[in-house]
Amino acid sequence: MKASALEQDLLRALDRREIEVLFQPQFSCRTGAVVGAEALSRWQHPSLGEIGARDLFAIAERAALVAPLSRHVVARALEDAASWPRDLTISLNITPEELGDPRFAADFAEIIAKSEVGPERLMLEITEDLLVRNIEQASAALKALRALGFRTALDDFGAGFCNFHYLRALPLDAIKLDKIMVDGIPGDTKALAVLRAIMALAKALELSIYAEGIENDVQRATIKAEGCDYWQGFLRAQPMKIDDVIALSRTARGQGHG
């Protein structure tokens, strides 16, 4: 399929609100209960089938539609999260284009003010490639957002260069360990040593730790034993619709009993 045609399809999909938002539940390592979920975009293309968030935003970048797509995802996620129990949080991914805009913090706060979700329930996730472009602007935007009550996390930690300077220089509340950081543990002694070192560093900086890509009970037990705070992964839940997140949170399993 030609790129130009695909980009036009995306523009029409945005106009028709065809980009949906799914949510991957996040669990407490200590209690096992659902504590929140990460919002992830999906596009059911009529001929190509499902297109996930990473490819979707790559298409949007080529079509200069990143900002409209991101606003659409945030708006849909906030609409859905308005019906959540108030003790559940929501994680939103922030793009480099957004954080590089000097007006982003103020504009984002205005969007949230119109929703029924308070900033204290939101975790804004940024990736390392975003910081490489302009760490000064990113730092200023994150400081403004935290001053308004939002929490911030460095996403996909371990997938890139693992620049530890970011952990010291940026106003962060959490790090999210990329799936690559838990692959092979606990059998791979080097992988386990690296995980322990990063855990110790995060704890010393008073950062919460999320682990992504947990696929089996051995991984879950290991990250819990090493001091991880929260996790998400296919072991217990794939991305799902909002009603399914709420239903899961109300079951014994979603409350950490089983």
Side-chain angles (χ1 to χ4, degrees), residues 22-40 42 50 52-55 57-58 89 91-94 96 123-132 135 138 151-170 172-240 248 253-254 256-258:
L22 300 181
F23 298 86
Q24 185 167 33
Q26 298 165 329
F27 301 89
S28 165
C29 287
R30 183 177 61 84
T31 68
V34 176
V35 294
E38 178 182 0
L40 300 166
R42 292 289 186 273
E50 182 175 277
R54 192 178 299 273
D55 291 335
F57 272 90
T89 62
S91 294
L92 300 171
N93 292 284
I94 304 303
M123 177 75 81
L124 308 183
E125 301 184 7
I126 60 172
T127 54
E128 190 173 15
D129 62 334
L130 183 157
L131 303 172
V132 172
I135 189 171
R151 293 181 300 140
T152 59
L154 183 57
D155 193 16
D156 297 336
F157 193 79
F161 294 107
C162 284
N163 191 326
F164 296 110
H165 170 65
Y166 297 146
L167 301 183
R168 185 182 67 179
L170 295 172
L172 297 169
D173 297 285
I175 61 170
K176 293 190 71 177
L177 303 179
D178 187 78
K179 181 181 182 298
I180 195 171
M181 298 298 297
V182 299
D183 284 345
I185 63 168
D188 186 330
T189 56
K190 288 186 178 180
L192 184 58
V194 171
L195 177 69
R196 284 174 173 168
I198 292 176
M199 291 274 199
L201 177 61
K203 291 299 183 181
L205 295 173
E206 299 182 336
L207 299 174
S208 297
I209 305 169
Y210 290 72
E212 298 181 288
I214 302 301
E215 297 181 348
N216 58 63
D217 282 315
V218 173
Q219 290 177 332
R220 183 190 59 78
T222 302
I223 61 166
K224 179 180 179 181
E226 297 300 332
C228 188
D229 300 296
Y230 308 101
W231 67 274
Q232 63 189 84
F234 288 179
L235 170 62
R236 191 176 292 182
Q238 298 189 30
M240 58 183 64
L248 175 62
R253 186 172 178 81
H257 306 297

Would you give the length of the straight line joining atom [atom1] of [X] to atom [atom2] of [Y], rounded to the nearest 0.5 angstrom?
X	Y	atom1	atom2	answer
Asp173	Leu205	CG	CG	12.0 Å
Lys176	Ser91	NZ	OG	5.0 Å
Leu124	Leu172	CG	CG	11.0 Å
Cys228	Arg220	SG	CZ	11.5 Å
Ile209	Leu195	CD1	CG	8.5 Å
Leu207	Ile198	CG	CD1	12.0 Å

Apply side chain to side chain contact (heavy atoms under 4.5 Å, CB included) to Phe27 and Leu248, showing your working. CA-CA 11 Å; Phe27 301 89; Leu248 175 62; 4.1 Å; yes
Start with the C-alpha gap between Arg236 and Gln24, add the side-chain angles, then the distance that decides, and say whether side chain to side chain contact (heavy atoms under 4.5 Å, CB included) holds. CA-CA 10 Å; Arg236 191 176 292 182; Gln24 185 167 33; over 6 Å; no
Stepwise, does the salt bridge (Lys or Arg N to Asp or Glu O under 4.0 Å) test hold for Asp217 with Lys224? CA-CA 10 Å; Asp217 282 315; Lys224 179 180 179 181; over 6 Å; no
Check the pair Gln219 / Ile214 against side chain to side chain contact (heavy atoms under 4.5 Å, CB included), numbers first and verdict last. CA-CA 6 Å; Gln219 290 177 332; Ile214 302 301; 4.2 Å; yes
Under 4.5 Å between any side-chain heavy atoms of [X] and [Y], yes or no?
X	Y	value
Val182	Ile223	yes
Asn93	Phe57	no
Leu177	Tyr210	no
Val35	Gln26	yes
Leu235	Trp231	yes
Glu212	Asp155	yes

Looking at Glu38, Met240, Gln232, which one forms a side chain to side chain contact (heavy atoms under 4.5 Å, CB included) with Pro25? Met240
I need the minimum non-hydrogen distance between Ser208 and Asp229, along with the two atoms involved. CA-OD2, 3.4 Å
Kindly give the heavy-atom pair with the smallest separation between Tyr230 and Ser28, and that separation in Å. CD2-CA, 3.9 Å
Side-chain ([X]) to main-chain ([Y]) donor-acceptor, under 3.5 angstrom:
X	Y	answer
Asp156	Thr127	no
Asp178	Met181	no
Glu226	Thr222	no

Should the pair Asp55-Arg42 be classified as a salt bridge under the 4.0 Å nitrogen-to-oxygen rule? no
With sequence neighbours left out, what residues match Ala221 under side chain to side chain contact (heavy atoms under 4.5 Å, CB included)? none
Return yes when atom CD1 of Ile180 has more than 12 non-hydrogen atoms of other residues, nucleotides or ligands closer than 6.0 Å, and no otherwise. no
